[in-house]
Amino acid sequence: MASEKELQLYEFICETLTEAQIVFIRDDRVLFANCRKNGDKFPVSCVFAVNKTHEYLQCLSLFAVGNEYSCVNELSVIANAYNARAPRGRIDIDIFSNMVHYRNVACYKGREITKSFVSDFIENAVTELLKLDRLFSGYTKGEIDFETVLTSLGGEGAV
Amino acid sequence: MEDNAKKEAAKRAFDTFDKALSLTRYPVRRKQPDKLLFNCVTKEDLMPFAFYVSVDASRCIVRCTGYLPFRFREDMIVDGCKAACFLNYNIFNGAFCVELRNGYISFVINESYEECDISLEAAIEMLNTLVATMNLHKDKLLYLARGSITFDEFLEQK
């Protein structure tokens, strides 16, 4: 059962997405807002949710899948370079399937979360996702090389 | 946020972590209020490690970073990166990272306090998550870094 605070947080998420004109489907049972791809306007699908178990706001997205142009070794190096420097959020690689996820969380335990905090959380996650999607879609098509992706994400050069 | 408001918010975040560190009793080796930085170490253990809590006033972020006291050799850094990804996939908050330049392994947790101060509860949770997660995985990372186990054996370790 969600608390009043969690329901309020979920409403903040939905209001912010509506104001940003991001198309999403509500799942009020689990407090998920499933954002859908919308052409060039919003090229990734992702979920914003209130995680009641851990008491975190979270953003999850599967935004790329590795292929013959992007081996798991390179993807792992890129994820490490990004995760070491990103002020928020992280890239997750499923090393068995080559799937590339983005995840960002914010703890709301004991905090009076405002709508501007939620808006900032969503805005930051969307900006990162769009940046990563552009880079990774070029990379998995073989249009952008490994070194360029690494440099763009703050890495030190190829290993 | 205005510069003054940012400075005040950063100071509040620093004070909250000061309190959280004293409640969790992690030894603080050096407290630098001017740099908004704590240099800490874990409690007695066979393999204690250092961690830092820093407040980034311009971006309104608190960053907790722990460093394991060993590193991957240059020829094993890619295995280290894959191992970090494997672990991160099942970790809810924070991320293991292998530094590409030197092979050192860190674990990083960030939290924003923009428009909303970090509570004492959330600060304690950050510190405890960092230490518990690193303690849980440090042995198998050490075995992999030393070459005592292969990458495939690392994946099989519970």
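Every chain is numbered from 1, with letters handed out A, B, ... down the list of sequences. It should be emphasised that the depicted structure is a prediction, and the values quoted were computed from it without experimental measurement.
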(message) Has A:N83 got a side-chain atom pairing as donor or acceptor with B:C97's backbone, closer than 3.5 angstrom?
(response) no
(request) Compare every heavy atom of B:K82 with every heavy atom of A:V72, then report the nearest pair and how far apart it is. (result) CG1-CD, 4.2 Å
(request) Under 4.5 Å heavy-atom distance to chain B, tell me which part of A:Y108 shows up: side chain, backbone, both or neither. (result) neither
(message) Taking side chain as everything from C-beta outward and backbone as N, CA, C, O, which of these in A:N73 sits under 4.5 Å from a heavy atom of chain B? Side chain, backbone, both or neither.
(response) both
(message) At a 4.5 Å cut-off on heavy atoms, which part of A:Y82 comes close to chain B: side chain, backbone, both, or neither?
(response) neither
(message) For the OH atom on B:Y89, are there more than 12 heavy atoms of other groups (residues, nucleotides or ligands in this structure) within a distance under 6.0 Å?
(response) yes
(message) If we define contacts as heavy-atom pairs under 4.5 Å, which of B:G94, B:A84, B:S106 has the most with chain A?
(response) B:G94
(request) Give the cluster check for B:V41 versus B:F17: same hydrophobic cluster or not, with ILVMFWY residues linked at side-chain heavy-atom distances below 4.5 Å. (result) no
(message) Which label fits B:F92 and A:H54: parallel for a plane angle under 30°, tilted from 30 to 60°, or perpendicular past 60°?
(response) parallel
(request) Among the options B:L120, B:I91, B:T65, pick out the one with the most heavy-atom pairs lying under 4.5 Å from chain A. (result) B:I91
(request) Using atom types as modelled and distance alone, determine if a side-chain donor or acceptor of A:R111 lies under 3.5 Å from a backbone N or O of B:C116. (result) yes
(request) Answer with yes or no whether the hydrophobic clustering places B:V108 together with B:F72; edges join I, L, V, M, F, W, Y residues whose side-chain heavy atoms lie under 4.5 Å apart. (result) no
(message) One pair to check against side chain to side chain contact (heavy atoms under 4.5 Å, CB included): B:S112 and A:D120. What are the steps and the verdict?
(response) CA-CA 9 Å; B:S112 164; A:D120 178 65; 4.1 Å; yes
(request) Give a yes or no on whether the backbone of A:A86 and the side-chain of B:N110 come within a donor-acceptor separation of less than 3.5 Å. (result) yes
(message) More than 12 heavy atoms of other residues, nucleotides or ligands under 6.0 Å from NZ of A:K52: yes or no?
(response) yes
(request) Give, as side chain, backbone, both or neither, the part of A:I113 having an atom under 4.5 angstrom from any heavy atom of chain B. (result) both
(message) Applying side chain to side chain contact (heavy atoms under 4.5 Å, CB included) to B:F86 and A:S76, what does each step give before you reach the verdict?
(response) CA-CA 9 Å; B:F86 174 72; A:S76 302; over 6 Å; no
(message) So does A:P87 get a backbone contact from the side chain of B:R63, meaning a donor-acceptor N/O pair under 3.5 Å?
(response) no
(request) Answer yes or no: is there a donor N or O on one side and an acceptor on the other, between the side chain of B:E115 and the main chain of A:T114, under 3.5 Å? (result) no
(message) For residues A:Y10 and A:V105: do they belong to one hydrophobic cluster (side chain heavy atoms under 4.5 Å, members Ile, Leu, Val, Met, Phe, Trp, Tyr)?
(response) no
(request) List for me each residue that meets side-chain contact (heavy atoms from CB on, under 4.5 Å) alongside A:T18, sequence neighbours excluded, and say none if there are none. (result) A:F24
(message) I'd like to know whether OH of A:Y69 has more than 12 heavy-atom contacts from other residues, nucleotides or ligands below 6.0 angstrom.
(response) no
(request) Counting only heavy atoms closer than 4.5 Å, note whether A:A79 contacts chain B via side chain, backbone, both or neither. (result) side chain
(request) Show your reasoning for whether side chain to side chain contact (heavy atoms under 4.5 Å, CB included) applies to B:I77 and A:N80. (result) CA-CA 10 Å; B:I77 285 180; A:N80 267 265; over 6 Å; no
(message) Taking side chain as everything from C-beta outward and backbone as N, CA, C, O, which of these in A:N51 sits under 4.5 Å from a heavy atom of chain B? Side chain, backbone, both or neither.
(response) side chain
(request) Flag yes if more than 12 heavy atoms outside A:E4 fall under 6.0 Å of its CD atom; otherwise flag no. (result) no
(request) Please report the closest heavy-atom contact between B:E125 and A:Y56, naming both atoms and the distance. (result) OE2-OH, 3.3 Å
(message) Counting only heavy atoms not in A:R26 (residues, nucleotides, ligands), do more than 12 fall under 6.0 Å from its CZ?
(response) yes
(message) Hydrophobic clusters here meaning ILVMFWY residues chained together by side-chain heavy-atom distances under 4.5 Å, can you tell me if B:F96 and B:F151 are in one?
(response) yes
(message) So, taking the atom named CG in A:D94 and the one named CG in B:N88, what distance separates them when rounded to the nearest 0.5 Å?
(response) 12.5 Å
(message) Rounded at 0.5 Å granularity, tell me how far CE in B:M126 sits from SG in A:C107.
(response) 9.0 Å
(message) If we define contacts as heavy-atom pairs under 4.5 Å, which of A:E112, A:R88, A:H101, A:E55 has the most with chain B?
(response) A:R88
(message) Would a single hydrophobic cluster contain both B:V28 and B:I109, if residues Ile, Leu, Val, Met, Phe, Trp and Tyr are joined by side-chain heavy-atom contacts under 4.5 Å?
(response) yes
(message) How about NZ on A:K37, more than 12 heavy atoms from neighbouring residues, nucleotides or ligands closer than 6.0 Å, or not?
(response) no
(message) Would you say CZ of B:R29 has more than 12 non-hydrogen atoms from neighbouring residues, nucleotides or ligands within 6.0 angstrom?
(response) yes
(message) I'd like to know which of B:D79, B:D75, B:I118, B:D56 tops the heavy-atom pair count under 4.5 Å against chain A.
(response) B:I118
(message) Counting only non-hydrogen atoms closer than 4.5 Å, does A:R90 touch chain B with its backbone (N, CA, C, O), its side chain (CB onward), both, or neither?
(response) side chain
(message) Need one label for A:Q58: side chain, backbone, both or neither, based on atoms under 4.5 Å from any heavy atom in chain B.
(response) side chain
